[in-house]
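In each ligand, atom 1 is the first atom listed, and ligand 1 is the first ligand listed.
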Amino acid sequence: MKKLPPSEFARLGERTRLVLAGRDPEDSYGFVNPPIVRGSTVIYSNTEDFLARKARYTYGTAGNPTLDALEAAANTIEGGAGVVAVPSGLMACTLAFLTLLSAGDHVLVTDSVYRPTRNFCDTFLKRMGVETTYYDPMVGADIATLFRPNTKAVWTEAPGSQTFEMQDIPAIVGAARERGILVALDNTWATPLFFDAHGFGVDLSVQAGTKYYAAHSDVLIGTVSARTPELYKALRATWTQLGLIVAPEDAFLTLRGMRTMAIRLKEQMPAGIAMANWLKARPEVARVMHPALPDDPGHALWKRDFTGASSLFAIELAPVSMKAVAAMLDGLSLFGMGASWGGYESLVLPFDCTDYRTATTPGFKGPTIRIHIGLEDLEDLKADLDAGFARLRAAG
Ligand SMILES: Cc1ncc(COP(=O)(O)O)c(C=O)c1O
């Protein structure tokens, strides 16, 4: 198998690059996949080499071939200056904050941020002497009115966790650039396949690889991609200082998931949209939150900037008791109830974000449910939910 020079590799399609990235049979004893290399100590040939740390790999916490392969695959779809992998999606978020911020800084964070990220801002960042202001995700270019002399970064997530508000990323990037403020994005929902974060000027692009990268609900992992070589250097330095090494088995499993990611998303996108439309037509459902639906408030932004949608969205039920919601959800046989998403299986969970958001008031009248559509037959999933709605009405 002839190895392509980087310039030819870069010209290949996204799917081809996802299949090839990080693989070199010459380094893998001829086998297709890179090996799982376990190790802490690296043995050097002699004193001179040890003192100069002259080796391809210097120590376990500084990286290994399995991790390199994963980071190369992530980098090929992120299209930035470099990617680091970390042991969870949450860690990818916190590493991005730690790379950008120092004591005395101010950060703007979307009110629709993933809740554990918000918890990190309210606890760890606060303890570090960094002040967080939450803003309305729909703020757009008006983000500039919130800038302070010490504002160093804007955190975005599009669409937002649980409520799926779209954000005008180019407008936020434009306003931030004028002031030398950096923009980070939790791009887990769209993945780099459906939103070109760096192409839109995002400086640090975060991915909870636990979701659509690994995709089999058996790995926790995250990645952060930097737009410029300077930022990549700062990101890699923070990663090294913190000792954030990923277990090689987890890197391997994630890489294995990424090989089929484009195909899975190609199936999951229309399945998610079809299910969202089916739910929208149900009398029990008051509202569907999915930016790919034409009447969603974020649809115009999604259509302008995104090339696809993943299969996670939410619904607001018409007012009904939580007892009825439990009757519906507890009896489902194809949808598991649990956190996370992006795997091959369908999931459902009730949520309530009204008590912790501070910059916006969600204003739901009925209970809210988040839904992830996996790779099952859509008609089976609809039948499961249909029976669930019958239980909801009976318990109503
Ligand atoms: C938007 C978003 N970002 C980050 C994470 C964190 O990922 P992990 O579960 O790997 O820590 C999640 C997890 O649900 C998420 O939904």
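Set against the non-hydrogen atoms of Leu220, the atoms of ligand 1 under 4.0 Å away are 9 (O), 10 (O). Taking every heavy atom of Thr210 and a limit of under 4.0 angstrom, the matching atoms of ligand 1 come to 8 (P), 10 (O). Close approach to Leu90 involves these atoms of ligand 1, each under 4.0 Å from a residue heavy atom: 6 (C), 7 (O), 8 (P), 11 (O). Listed by number with element, the atoms of ligand 1 under 4.0 angstrom from any heavy atom of Ser88 are 10 (O), 11 (O). Of all atoms in ligand 1, listed by their number and element, those nearer than 4.0 Å to a heavy atom of Gly89 are 6 (C), 7 (O), 8 (P), 10 (O), 11 (O).
Annotation: cation-pi geometry not satisfied between Arg370 and Phe313 (NZ/CZ under 6.0 angstrom from ring centroid, within 45° of ring axis). Both the sub-6.0 Å distance and the 45° axial angle are not jointly satisfied by Arg304 relative to the ring of Trp302.
Judged by distance alone, with hydrogens and angles left aside, the side-chain atoms of Thr260 form no donor-acceptor pair with the main-chain N or O of Ile263 at under 3.5 Å.
Taking the six-membered ring wherever Trp is involved, the centroid distance between the rings of His290 and Phe164 does not fall below 6.0 Å.
The shell of residues lying under 4.0 angstrom from ligand 1, judged by heavy atoms, includes Ser161. Remark: distances from the non-hydrogen atoms of Trp341 to ligand 1 include one below 4.0 Å. Glu157 counts as a contact of ligand 1, since one of its heavy atoms falls under 4.0 Å from the ligand.
Partner of Trp155 under the side-chain contact (heavy atoms from CB on, under 4.5 Å) criterion, chosen from Leu204, Thr132, Leu108, Asp186: Asp186.
Looking at atom 5 (C) of ligand 1, its nearest protein heavy atom turns out to be Tyr114 CE2, 3.3 Å.
For Asp295, the salt bridge (charged side-chain N to carboxylate O under 4.0 Å, His left out) partners two or more places apart in sequence, or in a different chain, are Lys280.
Here Lys211 has side-chain heavy atoms under 4.0 Å from ligand 1, and that is the only part of it that gets that close.
Nearest heavy atom pair, residue Ile77 against residue Pro192, reads O-CB, 3.4 Å.
For the residue pair Tyr135 and Asp142, no side-chain donor N or O sits within less than 3.5 Å of a side-chain acceptor on the partner.
Counting only non-hydrogen atoms, the option in Thr188, Val219, Thr117, Asp186 that gets closest to atom 3 (N) of ligand 1 is Asp186.
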